[in-house]
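The shown structure was predicted, so the numbers you read here are calculated from the model rather than taken from an experiment.
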Amino acid sequence: MDTKGIIEPYTAISSVYDHLLKHVDYDSWYYYIRSIMLKHIESPKRILELGCGTGRFGVKFSRDNFLIYGMDKSIDMLRIAKLRAFKGFHIFCGDMTNFHLSKPFDFIFSVHDTMNYLIQYKDIRMVLSSVKKIMHESSVFLFDITTEYNIKKYFDKKTLKYKIKDMGIEWSNKYDAREKLIYSYLKLNKNSGVEVTERHKQRIYTVDEMQGLIEQENFHIIDVFGDYSFSPVKRDTIMINFIIKK
């Protein structure tokens with residue numbers, strides 16, 4: 001693909017992101033995340049989401065009287081999240097590979113394959129190192145990664161088309177199996193004639209690779225589950241869930 005005119009991920013797409021994912025059952029997803037938190041932490045006071053996007057989880061935690069902070073690198077996504085940031089939900093801009101916060105958090109989570117955007121081993125280790133600095137001895141970190149099975153079955157060499165509001169969207173995907181990299185291009189065409197393309201690049205990690213990186217940063221793995229369940233990872237797992245602590 002011609003890369004001329006390619007823009008950063010989660011910029012133009014931010015205004016229609018929630019429409020693209022309207023099929024996602026955020027309520028069930030939230031209740032699972034919350035159940036993991038309450039299973040390991042008796043009375044969580046401070047929660048942090050890394051890569052909060054448009055704030056779909058933050059508003060749910062806030063609704064249930066939890067204090068939650070949402071961090072994201074995309075200003076455009078945070079503009080949408082700001083409309084949901086009230087009561088106990090607060091947002092700020094930051095890079096999950098290198099951040100410093102003054103107080104520890106009881107529960108930290110990062111979902112929806114955010115970690116797959118970290119292309120190098122060192123990037124994963126930098127996230128884990130930053131997270132460790134804001135954890136106390138009982139804190140828990142939950143994150144997910146998408147699987148090669150998911151990419152090969154549902155995304156590789158596939159193009160999806162949408163019509164949302166005044167915008168046409170073409171979402172094409174290509175997987176480099178040798179490099180374990182997924183390239184996704186979202187071409188947005190407005191009725192006004194404006195056209196932009198976002199390029200998203202992610203990397204596939206195996207359970208063994210991720211476990212090695214976790215152990216190198218001196219974390220303890222509590223559980224590894226598949227597909228936001230309490231079942232083990234299988235051949236056809238879509239998302240792998242890691243639950244770790246210091």
Side-chain angles (χ1 to χ4, degrees), residues 1-26 28-29 32 50-51 53-54 56 72-74 76-77 96-97 110-124 127 143-164 167-189 195-214 224-229 231-242:
M1 174 178 286
D2 181 8
T3 58
K4 184 179 180 180
I6 299 293
I7 62 174
E8 287 293 308
Y10 299 109
T11 48
I13 204 70
S14 61
S15 64
V16 293
Y17 181 82
D18 288 336
H19 295 276
L20 276 177
L21 298 182
K22 64 181 180 180
H23 60 286
V24 174
D25 185 353
Y26 279 100
S28 295
W29 201 353
Y32 177 86
L50 303 177
T54 61
R56 297 295 294 271
D72 204 284
K73 189 165 68 172
S74 169
D76 297 277
M77 295 290 273
M96 63 192 288
T97 64
S110 183
V111 295
H112 222 164
D113 62 28
T114 299
M115 295 284 276
N116 289 99
Y117 278 90
L118 306 171
I119 305 302
Q120 304 292 333
Y121 283 173
K122 67 176 182 179
D123 299 325
I124 298 288
V127 171
F143 68 90
D144 69 22
I145 54 172
T146 195
T147 63
E148 187 173 59
Y149 171 85
N150 180 36
I151 298 304
K152 285 184 172 180
K153 185 172 179 64
Y154 297 108
F155 293 93
D156 185 30
K157 300 182 180 66
K158 291 180 171 60
T159 298
L160 304 172
K161 294 183 179 182
Y162 304 88
K163 182 67 177 179
I164 301 173
M167 188 181 298
I169 302 170
E170 184 177 290
W171 179 3
S172 59
N173 303 275
K174 183 179 179 181
Y175 180 50
D176 183 334
R178 185 175 65 86
E179 298 292 336
K180 305 294 184 184
L181 295 175
I182 312 113
Y183 296 92
S184 299
Y185 293 89
L186 290 106
K187 184 188 295 184
L188 294 84
N189 292 279
E195 178 181 303
V196 295
T197 300
E198 289 188 9
R199 186 184 80 154
H200 296 241
K201 180 181 178 182
Q202 295 176 281
R203 177 175 176 175
I204 290 295
Y205 292 93
T206 65
V207 171
D208 287 345
E209 282 180 302
M210 194 57 69
Q211 285 179 336
L213 295 168
I214 290 167
V224 180
F225 294 130
D227 293 328
Y228 287 91
S229 69
S231 300
V233 175
K234 298 179 293 185
R235 182 193 64 80
D236 60 349
T237 293
I238 301 296
M239 303 295 291
I240 303 170
N241 318 125
F242 292 88

**Message:** Lys161: which residues meet the side chain to side chain donor-acceptor pair (under 3.5 Å) condition with it, sequence neighbours left out?
**Reply:** none
**Request:** Mind checking side chain to side chain donor-acceptor pair (under 3.5 Å) for Tyr117 and listing every partner two or more places apart, or none if nothing turns up?
**Result:**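 By the side chain to side chain donor-acceptor pair (under 3.5 Å) rule, Tyr117 matches Tyr10, His200.
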**Prompt:** What closest approach, in Å, do Asp72 and Gly53 show between heavy atoms, and which atom pair accounts for it?
**Reply:**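 Result for this residue pair: OD2-N, 2.8 Å.
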**Gly226 versus Asn241, closest heavy-atom pair with distance** =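 Heavy-atom minimum between the residues: C-OD1, 3.8 Å.
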**Message:** Test of understanding: with salt bridge (Lys or Arg N to Asp or Glu O under 4.0 Å), list the residues that count as partners of Glu209, not counting sequence neighbours.
**Reply:**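 Arg203.
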**Asp123: salt bridge (Lys or Arg N to Asp or Glu O under 4.0 Å) partners, not counting sequence neighbours** =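 Salt bridge (Lys or Arg N to Asp or Glu O under 4.0 Å) check on Asp123 returns nothing, list empty.
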Give a yes or no on this: more than 12 heavy atoms of other residues, nucleotides or ligands lie within 6.0 Å of atom [atom1] of [X].
| X | atom1 | result |
| --- | --- | --- |
| Lys163 | NZ | yes |
| Glu170 | CD | yes |
| Lys158 | NZ | yes |

Would you give the length of the straight line joining atom [atom1] of [X] to atom [atom2] of [Y], rounded to the nearest 0.5 angstrom?
| X | Y | atom1 | atom2 | answer |
| --- | --- | --- | --- | --- |
| Met96 | Leu50 | CE | CG | 5.0 Å |
| Thr159 | Asn173 | OG1 | CG | 7.0 Å |
| Trp171 | Tyr185 | CH2 | OH | 15.0 Å |
| Asn189 | Glu195 | CG | CD | 4.0 Å |

**Request:** Given side-chain contact (heavy atoms from CB on, under 4.5 Å), test Trp29 with Val24 step by step and report yes or no.
**Result:** CA-CA 9 Å; Trp29 201 353; Val24 174; 3.7 Å; yes
**Test log, rule side-chain contact (heavy atoms from CB on, under 4.5 Å), inputs Ile169 and Ile164** = CA-CA 8 Å; Ile169 302 170; Ile164 301 173; 3.9 Å; yes
Quiz: residues 13-22 side-chain donor-acceptor pairs under 3.5 angstrom, not counting sequence neighbours:
from	atom 1	to	atom 2	distance (Å)
Ser14	OG	Thr11	O	2.7
Asp18	OD1	Thr54	OG1	2.8
Asp18	OD2	Arg84	NH1	3.1
Asp18	OD2	Arg84	NH2	3.0

Throw together a table of side-chain donor-acceptor distances under 3.5 angstrom for residues 143-156, partners on residues two or more places apart or in other chains.
from	atom 1	to	atom 2	distance (Å)
Asp144	OD1	His112	N	3.4
Asp144	OD1	Asp113	N	2.9
Asp144	OD2	His112	N	2.8
Asp144	OD2	Tyr228	OH	2.4
Thr146	OG1	Asn150	ND2	2.7
Thr146	OG1	Ile238	O	3.4
Thr147	OG1	Asn150	N	3.1
Thr147	OG1	Thr237	O	2.6
Thr147	OG1	Ile238	O	3.3
Glu148	OE2	Tyr175	OH	2.6
Glu148	OE2	Lys180	NZ	2.9
Asp156	OD1	Tyr175	N	2.8

